[in-house]
Amino acid sequence: MPNANGLSTILLADPYWRNLRDVQVGDLATGWRSNGTGRLSARMRARDAHLLGYAALLGRWVFARTPFGYWGGSVEDTPSRIDDGTIELSCVDFGGLLNNAITPRTYRQVSGSAGGLIARAIDDSGSDEPVGFTNVSCDEDGAPVTIEWRGEQLGQVVQSLANGAGGIWRVETTAARAINFTYQAATTDKRGSVLLVEGHNILGGSLSPSLSGLVNDLLGIGNDRDWQRASGARVIDADSLQTYGRRRAVQRYPRHTRRGSLETVARVDLAALAKPAGPVSFEIADRNPILADIREGYLCRMWSASQNRRYDFTVTGRAWDSRTGTAT
């Protein structure tokens with residue numbers, strides 16, 4: 001947290017929180033991401049950095065308290081400025097631990113949900129040395145997939161499984177410096193409790209609604225037979241079709257073979273696909289209490305005066321900048 005003179009205090013430590021040091025830094029900025037790694041950046045005087053007593057700053061673990069929550073990770077780069085004698089601590093969060101491990105070299109073919117396979121991969125990849133997570137929690141809902149690994153990087157395995165299943169993974173550090181890995185098969189619906197409003201809690205940002213990816217005429221295909229003989233169900237959003245014109249697509253649904261079930265799941269997908277969508281970015285004062293209720297993987301709601309619309313949005317990343325006092 002920043003103090004009156006603009007400096008912030010973070011913790012540096014050897015791996016697994018040994019040899020802790022309180023360190024004052026300036027220009028502290030932090031970021032969190034789902035399905036990827038977040039970053040922390042801070043500057044300090046090079047002379048002070050070399051007096052900390054570590055054999056090297058690279059690889060040291062970092063912990064920071066911010067108005068947006070706790071951040072934990074490790075130092076990845078230390079670029080320095082010759083002109084002002086400062087050094088930057090450029091850090092990656094503990095999602096980066098996934099890239100330090102590999103799956104077993106001889107891994108037989110197995111089948112299971114994406115979440116179950118992710119949990120198994122993390123556990124098995126730590127056979128010679130633990131990956132470093134305090135807790136691993138994986139939602140095991142979803143269609144089964146079959147995998148076979150041969151000494152692959154754990155981070156790529158987790159990313160591939162999550163992307164293929166449309167799931168969300170993230171790594172969070174708690175106040176007690178526990179490092180928790182979580183995988184969700186779907187977003188957490190917070191639309192009943194989190195509402196952002198332009199001009200009220202949204203100070204700035206951007207919205208870019210687009211028709212790219214919009215579908216209002218969807219054909220769902222079962223996977224019990226080859227394509228020519230598989231069951232199918234076609235669903236249409238009449239309001240979207242009238243407003244934006246017909247936009248068709250085909251989607252194959254694992255584990256669905258009957259027309260009735262195909263129509264049900266296709267209508268669920270169409271409800272989201274039939275509306276314009278696009279990236280958004282919101283800036284909020286870092287002292288706003290609503291920030292405590294926003295995390296990656298949450299499905300929230302916002303009212304836009306500039307677009308004269310109400311939108312649902314999924315949080316995929318957050319950031320905080322001590323210099324501006326804003327969260328994004």
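Residues take their numbers from the sequence shown, with the count starting at 1.
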**Student:** Judged by atom type as modelled, is there a donor-acceptor pair below 3.5 Å linking the side chain of Ser125 to the main-chain atoms of Ile102?
**Tutor:** yes
**Student:** So which heavy atom on Leu291 is nearest to which on Ala285, and how close?
**Tutor:** CD1-O, 3.5 Å
**Student:** Could you check whether any side-chain N or O of Arg318 sits under 3.5 Å from a backbone N or O of Phe68, counting only pairs where one atom can act as donor and the other as acceptor?
**Tutor:** yes
**Student:** Which heavy-atom pair separates Trp17 from Leu20 by the least distance, and what is that distance?
**Tutor:** O-CG, 3.9 Å
**Student:** Does a side-chain N-to-carboxylate-O contact under 4.0 Å join Arg234 and Asp217?
**Tutor:** yes
**Student:** Cys300 vs Val315, test: side chain to side chain contact (heavy atoms under 4.5 Å, CB included). Steps then yes/no.
**Tutor:** CA-CA 8 Å; Cys300 307; Val315 181; 4.2 Å; yes
**Student:** Using the side chain to side chain contact (heavy atoms under 4.5 Å, CB included) rule, take Leu241 and Asp239 through it: C-alpha gap first, then chi angles, then the decisive distance, then the call.
**Tutor:** CA-CA 5 Å; Leu241 188 150; Asp239 291 340; over 6 Å; no
**Student:** Near Arg45 CZ, under 6.0 Å, is it more than 12 heavy atoms from other residues, nucleotides or ligands?
**Tutor:** no
**Student:** For the pair Asn216 (side chain) and Ile236 (backbone), establish whether a donor and an acceptor sit closer than 3.5 Å, ignoring hydrogens and angles.
**Tutor:** no
**Student:** Hey, what else clusters with Leu211 if you join Ile, Leu, Val, Met, Phe, Trp, Tyr whenever side-chain heavy atoms sit under 4.5 Å?
**Tutor:** Leu214, Tyr244
**Student:** State the CG-CG distance between Leu7 and Asp27, to the nearest 0.5 angstrom.
**Tutor:** 9.5 Å
**Student:** Running the 4.5 Å side-chain criterion over Ile, Leu, Val, Met, Phe, Trp and Tyr, what cluster does Leu195 land in, apart from itself?
**Tutor:** Val197, Trp303
**Student:** Taking ILVMFWY side chains as joined if any heavy atoms are under 4.5 angstrom apart, and letting links pass through other members, which residues group with Leu51?
**Tutor:** none
**Student:** Before you tell me yes or no, could you show the steps for Val171 and Asn180 under side chain to side chain contact (heavy atoms under 4.5 Å, CB included), namely the whole-Å CA-CA distance, both residues' side-chain angles and the distance that decides it to 0.1 Å?
**Tutor:** CA-CA 6 Å; Val171 177; Asn180 299 331; over 6 Å; no
**Student:** Within a strict 4.5 Å, meaning less than it, do heavy atoms of the Tyr311 and Val280 side chains meet?
**Tutor:** no
**Student:** What distance do Leu12 atom CG and Leu52 atom CG have between them, rounded to the nearest 0.5 Å?
**Tutor:** 6.5 Å
**Student:** Under 3.5 Å, side-chain donor or acceptor atoms of residues 159-168 against the rest of the protein: list the pairs with distances, not counting sequence neighbours.
**Tutor:**
{"from": "Gln159", "atom 1": "OE1", "to": "Trp169", "atom 2": "NE1", "distance (Å)": "3.4"}
{"from": "Gln159", "atom 1": "NE2", "to": "Asn163", "atom 2": "OD1", "distance (Å)": "3.1"}
{"from": "Asn163", "atom 1": "ND2", "to": "Gln159", "atom 2": "O", "distance (Å)": "3.4"}

**Student:** Please give me the minimum heavy-atom distance between Pro15 and Gly59, naming the atom from each residue.
**Tutor:** CG-O, 4.1 Å
**Student:** In a table with atom names and distances, give each donor-acceptor pair under 3.5 Å that connects a side chain of residues 83-90 to protein atoms at least two apart or in another chain.
**Tutor:**
{"from": "Asp84", "atom 1": "OD1", "to": "Thr86", "atom 2": "N", "distance (Å)": "3.2"}
{"from": "Asp84", "atom 1": "OD1", "to": "Thr86", "atom 2": "OG1", "distance (Å)": "2.8"}
{"from": "Asp84", "atom 1": "OD2", "to": "Thr86", "atom 2": "OG1", "distance (Å)": "3.4"}
{"from": "Thr86", "atom 1": "OG1", "to": "Arg43", "atom 2": "NE", "distance (Å)": "3.2"}
{"from": "Thr86", "atom 1": "OG1", "to": "Arg43", "atom 2": "NH2", "distance (Å)": "2.9"}
{"from": "Glu88", "atom 1": "OE2", "to": "Ser41", "atom 2": "OG", "distance (Å)": "2.6"}
{"from": "Ser90", "atom 1": "OG", "to": "Arg39", "atom 2": "NH2", "distance (Å)": "2.9"}

**Student:** Quick one: pull up CZ in Arg120 and OG1 in Thr103 and give me the separation to the nearest 0.5 Å.
**Tutor:** 11.5 Å
**Student:** Of all the heavy-atom pairs spanning Gly155 and Asn99, show the shortest one and how long it is.
**Tutor:** CA-OD1, 3.5 Å
**Student:** So, Asn288 and Asn201: side-chain donor and acceptor under 3.5 Å apart, yes or no?
**Tutor:** no
**Student:** When you look at Trp320 and Leu28, which way does the side chain to side chain contact (heavy atoms under 4.5 Å, CB included) test go after all the steps?
**Tutor:** CA-CA 8 Å; Trp320 173 71; Leu28 177 63; 3.7 Å; yes
**Student:** Is the shortest heavy-atom distance from the side chain of Ile221 to the side chain of Gln251 under 4.5 Å?
**Tutor:** no
**Student:** Taking the side chain as every heavy atom from C-beta outward, state whether Ser74 and Val92 have any pair of such atoms under 4.5 Å apart.
**Tutor:** yes
**Student:** Ignoring hydrogens and angles, tell me if any N or O in the side chain of Asp93 forms a donor-acceptor pair with the backbone of Gly95 under 3.5 Å.
**Tutor:** yes
**Student:** Does a sphere of radius 6.0 Å around CZ in Arg309 hold more than 12 heavy atoms from other residues, nucleotides or ligands, not counting ones at 6.0 Å or beyond?
**Tutor:** no
**Student:** Tell me whether the rings of Tyr16 and Trp61 are parallel (<30°), tilted (30 to 60°) or perpendicular (>60°).
**Tutor:** tilted
**Student:** Whether the Ser210 and Ser212 side chains hold a donor-acceptor pair (N or O, under 3.5 Å, no angle test) is what I'd like checked.
**Tutor:** no
**Student:** Is Gln184 reaching over with its side chain to a backbone N or O of Ala186, donor-acceptor style, under 3.5 angstrom?
**Tutor:** yes
**Student:** Which residue, Thr66, Ile10, Val62, Asp321, forms the side chain to side chain contact (heavy atoms under 4.5 Å, CB included) with Thr30?
**Tutor:** Thr66
**Student:** Could you please spell out the steps behind the salt bridge (Lys or Arg N to Asp or Glu O under 4.0 Å) verdict for Asp293 and Lys190?
**Tutor:** CA-CA 9 Å; Asp293 298 322; Lys190 293 288 185 177; over 6 Å; no
**Student:** Please table the atom pairs, donor to acceptor, closer than 3.5 Å between any side-chain atom in residues 264-272 and protein atoms at least two apart or in another chain.
**Tutor:**
{"from": "Thr264", "atom 1": "OG1", "to": "Gly260", "atom 2": "O", "distance (Å)": "3.1"}
{"from": "Arg267", "atom 1": "NE", "to": "Glu263", "atom 2": "OE2", "distance (Å)": "3.4"}
{"from": "Arg267", "atom 1": "NH2", "to": "Glu263", "atom 2": "OE2", "distance (Å)": "3.4"}
{"from": "Asp269", "atom 1": "OD2", "to": "Tyr253", "atom 2": "OH", "distance (Å)": "2.7"}

**Student:** Donor-acceptor check, side chain of Thr174 to backbone of Ala178, threshold 3.5 angstrom: yes or no?
**Tutor:** yes
**Student:** Step by step, work out the side-chain hydrogen bond (donor to acceptor under 3.5 Å, both in side chains) result for Glu198 and Ser304.
**Tutor:** CA-CA 6 Å; Glu198 282 187 23; Ser304 170; 2.6 Å; yes
**Student:** To the nearest 0.5 Å, what is the distance between CG (Asp139) and OG (Ser113)?
**Tutor:** 8.0 Å
**Student:** Verify, without hydrogens or angle tests, whether Trp32 (side chain) and Tyr70 (backbone) share a donor-acceptor contact under 3.5 angstrom.
**Tutor:** yes
**Student:** Is the Phe181 to Phe94 ring centre distance short of 6.0 Å?
**Tutor:** no
**Student:** Indicate if Leu196 and Leu203 have the same hydrophobic cluster label, given that clusters are the connected sets of ILVMFWY residues with side-chain heavy-atom separations under 4.5 angstrom.
**Tutor:** no
**Student:** Can you tell me if Tyr54 uses its side chain to pair, donor with acceptor, with the backbone of Asn19 under 3.5 Å?
**Tutor:** yes
**Student:** Above 12 or not: heavy atoms from other molecules or residues under 6.0 Å from CZ of Arg18?
**Tutor:** yes
**Student:** Please round to the nearest 0.5 Å and tell me the distance separating atom CD1 of Ile202 and atom CZ of Phe282.
**Tutor:** 4.5 Å
**Student:** Do the non-hydrogen side-chain atoms of Phe133 and Ile122 ever get within less than 4.5 Å of each other?
**Tutor:** yes
**Student:** Could you tell me if the side chain of Leu299 sits less than 4.5 Å from the side chain of Arg191, heavy atoms only?
**Tutor:** yes
**Student:** For the CD1 atom of Ile284 and the NE2 atom of His200, what is their distance to the nearest 0.5 Å?
**Tutor:** 10.5 Å
**Student:** Taking the side chain as C-beta and beyond, is there a heavy-atom pair between Thr9 and Val23 under 4.5 Å?
**Tutor:** no
**Student:** Would you say Arg60's side chain and Leu58's backbone share a donor-acceptor pair under 3.5 angstrom?
**Tutor:** yes
**Student:** Any side-chain heavy atom of Ile294 sitting closer than 4.5 Å to one from Val194?
**Tutor:** yes
**Student:** Test your reading of the model: is there a side-chain donor-acceptor pair from Thr188 to the backbone of Tyr298, 3.5 Å cut-off?
**Tutor:** no
**Student:** Flag the pair Thr134 / Arg177 as yes when at least one side-chain heavy-atom distance between them is below 4.5 Å, and no otherwise.
**Tutor:** no
**Student:** Would you mind checking if Glu296 and Arg33 are paired as a salt bridge, meaning a charged N to carboxylate O distance below 4.0 Å?
**Tutor:** no
